[in-house]
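The structure appears right after this line, and notes come after that.
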Amino acid sequence: MKKLISIILAAAALVTIILLSACGKKDSGKLVMATNAAFPPYEYVEDGKIIGIDAEIAALIAEELGLELEIKNVEFKSIVSGVESGKFDIGMAGMTVTEDRKKSVNFSTTYATGIQSIIVTDSSPITSVDDLGAEGATYKIGVQEQTTGDIYCRDDYGDDRVVSYANGATAVEALKSGKVDCVIIDNEPAKAFVKANSGLKILDTEYAVEDYAIAVGKNNEDLLTKINAALAKLTADGTIKKIIDKYIPAE
Ligand code: GLN
């Protein structure tokens, strides 16, 4: 009897191990992309679906690679670490290439440019980026957690002046309710937020200009090469420009 029980226990343990390893193993037919879908027009939710420039480009890359795209909507701050650990295959989130992030992940070739813009209320005394750094200025700046806006502002103005929010939408809510005096965020989402909320405007002054690229795990050189080849093809045949122009019509 004792022997039977131990055999059953051993078998159960084996089944558990097999099941666990099956769960942990990535489905090789998929390209798992992490994003934060609160960043229009690069990624946002419409009718329960994640759409936008990044979602469309990623779908075409997956097609080139013969893989099925699966998009995971996570907090922006979890994307780089998740790609680094192999939880996600790629991170695509209007993500700026920075030297610091390059320590954790590799970046594809650049597919778009971003500008850090400043959003203020219509009646704001802030008229340019210089006002933020003026002697004795105490303006509070809202940013998205761990984005380049967050990192640069903390460097330039100090931690006391910067309030980080989980995403751009909550930062904009904080501006509207007077918790912060401006929001620094990428220019395209800035335009979308200003359009969707009355009483806000974007200052005619750039805080930083940057390159967007796809983050890929350091130990995934093969995937990076294939993504770059797909990007080169989609750039050469005008597809990427067409997608960007569809979401960002010329003014
Ligand atoms: N471009 C910014 C960054 O990479 C913001 C990206 C985002 O919020 N999705 O930090």
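For this chain, numbers begin at 1 and follow the sequence in order. Order of listing sets the numbers, starting from 1, for every ligand and every atom in it.
The protein non-hydrogen atom at the shortest distance from atom 8 (O) of ligand 1 is Gln144 NE2, 2.9 Å. Protein heavy atom closest to atom 7 (C) of ligand 1, with residue, atom name and distance, is Phe39 CE1, 3.2 Å.
For ligand 1, one of its N or O atoms has an N or O atom of Thr96 under 3.5 Å away. For ligand 1, the polar-atom distance check against Gln116 finds no nitrogen or oxygen pair separated by under 3.5 Å. In terms of polar-atom proximity, Gly94 is counted as a contact of ligand 1, with an N or O under 3.5 Å from an N or O of the ligand.
Using modelled atom types, one finds a donor on one side chain and an acceptor on the other under 3.5 Å when comparing Gln116 with Asp186. Side-chain contact of Glu145 with Ser164: a donor-acceptor pair under 3.5 Å is absent, judged by distance alone. Side-chain atoms of Thr225 and Asn228 include no donor-acceptor pair closer than 3.5 Å. Using modelled atom types, one finds no donor on one side chain facing an acceptor on the other under 3.5 Å when comparing Thr98 with Asp100.
With Asn167 contributing its side chain and Ala169 its backbone, the two residues share a donor-acceptor pair below 3.5 Å. A donor-acceptor contact shorter than 3.5 Å links the side chain of Arg161 to the backbone of Ala137.
Distances below 4.0 Å separate heavy atoms of Glu210 from the following atoms of ligand 1: 1 (N). Short contacts between ligand 1 and Ala93, defined as distances under 4.0 Å to a heavy atom of the residue, involve ligand atoms 6 (C), 7 (C), 9 (N). Short contacts between ligand 1 and Tyr212, defined as distances under 4.0 Å to a heavy atom of the residue, involve ligand atoms 1 (N). Each of the atoms 2 (C), 3 (C), 10 (O) of ligand 1 lies under 4.0 Å from some heavy atom of Thr148. Residue-ligand proximity, Asp186 to ligand 1, at heavy-atom distances under 4.0 Å covers atoms 1 (N), 2 (C), 5 (C).
Side-chain contact between Ile243 and Thr239: present, with at least one pair of heavy atoms (C-beta onward) separated by less than 4.5 Å.
The ring of Tyr212 has its center closer than 6.0 angstrom to the ring center of Tyr42.
Here Glu145 has no heavy atoms under 4.0 Å from ligand 1, in either its backbone or its side chain.
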